Amino acid sequence: MPETILIIGSEGQVGTDLAESLREVHGSSNVVCCDIRPHTRERAAHGPYAELNVLEREEIAEVFSKYKPTVIYHLAAMLSATAEMNPKTGWELNMDGLFNIFDAAIEYGTKRVFWPSSIAVFGPNTPREHTPQYCVMDPNTVYGISKLAGERYCEYYHKRWGLDVRSLRYPGLIGWKAQPGGGTTDYAVDIFHQALKNGKYTSFLSAGTYLPMMYMDDAVRATIQITDAPADQIRIRSSYNLSGFSFDPAELAAEIKKHLPHFEMDYKPDNRQAIADSWPSSIDDEAARSDWGWDPEYDLPKMVAEMLTRLSSK
Ligand code: AKB
């Protein structure tokens, strides 16, 4: 029996790339995309699409009873910077959305659920370098607090109701197909668009702000790999640390300059600086490597070359 896969938040930054990869492997008709946004004409032409608000239980029931998904990727969330501006709405979307989807997954007998956590679960008293899987976690953003609570509920739903939830702590994600929306790491995507369009960029994070980052192809590969792994390989039922590489805005600009010698960058840190300062600069993902074989393919030079080539031809 082929899987029926439901991607919730398919029009977002990760969902866009994930939908394309999953439809290639499983066939378009077996991958149902849904989002609160109306579908793009392009997406609708490629397979089933449903408009879905994860805060509306009736809409969820309709989608689940129509498609009976066997695997769910629940990506709908409000990211760090936007959630800081809308703390109550951010909490509601991130937490109630998660409960609604987990409860529906149990009710309709879904086999596996993927839900992304984030490096935002760590806080100012977390070890910043090679942040271990288990350590002090004292997030001080509403997004980070919701992700940490979500992780605890992943483990709880697994233990209490046997829901097979798998999760990754995403670093900042960099891709060319879709724009990120409302994150603190978004500068690392914006910079490419501005570099190609205007030859310059003003970074909202200061030089020296090292953050864990990952190219989207690696993130999608990790997401599918953990979701498809045999259940006995998933020893951590909260969320796995996941690492690609780390850089600060200055290193990223220097790498871009190798391809675009006239590119210039200056700095105007804003309120997102405080969020970035509370996060790790690099991540230890040994558990993901040893449990289910995680191995990233992209480093900074490879990611920059790929982003510039892809965006230039787009
Ligand atoms: C954000 O910046 O909010 C996200 C994240 C690190 O989870 N990209």
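One-based numbering, in listed order, for ligands and for the atoms of each. As the structure is a computational prediction, the values presented were derived from the model and not from experiment.
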Those protein residues which place at least one heavy atom below 4.0 Å from ligand 1: L79, S80, S118, I119, Y143, G183, T184, T185, W279
Aromatic F114 / basic R166 pairing, under 6.0 angstrom, 45° off normal: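 No, R166 does not lie over the aromatic ring of F114.
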Short N-O contact, D291 and R235, less than 4.0 angstrom: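 Salt bridge between D291 and R235, a charged N being under 4.0 Å from a carboxylate O: yes.
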Short side-chain donor-acceptor distance under 3.5 Å, T16 and E11: no
Test side-chain hydrogen bond (donor to acceptor under 3.5 Å, both in side chains) applied to K302 - qualifying residues, sequence neighbours left out: none
Side-chain donor or acceptor of R23 paired with backbone N/O of V32 under 3.5 Å: no
Check: R37 and E51 side chains under 4.5 Å, non-hydrogen atoms: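 With C-beta onward as the side chain, the pair stays apart.
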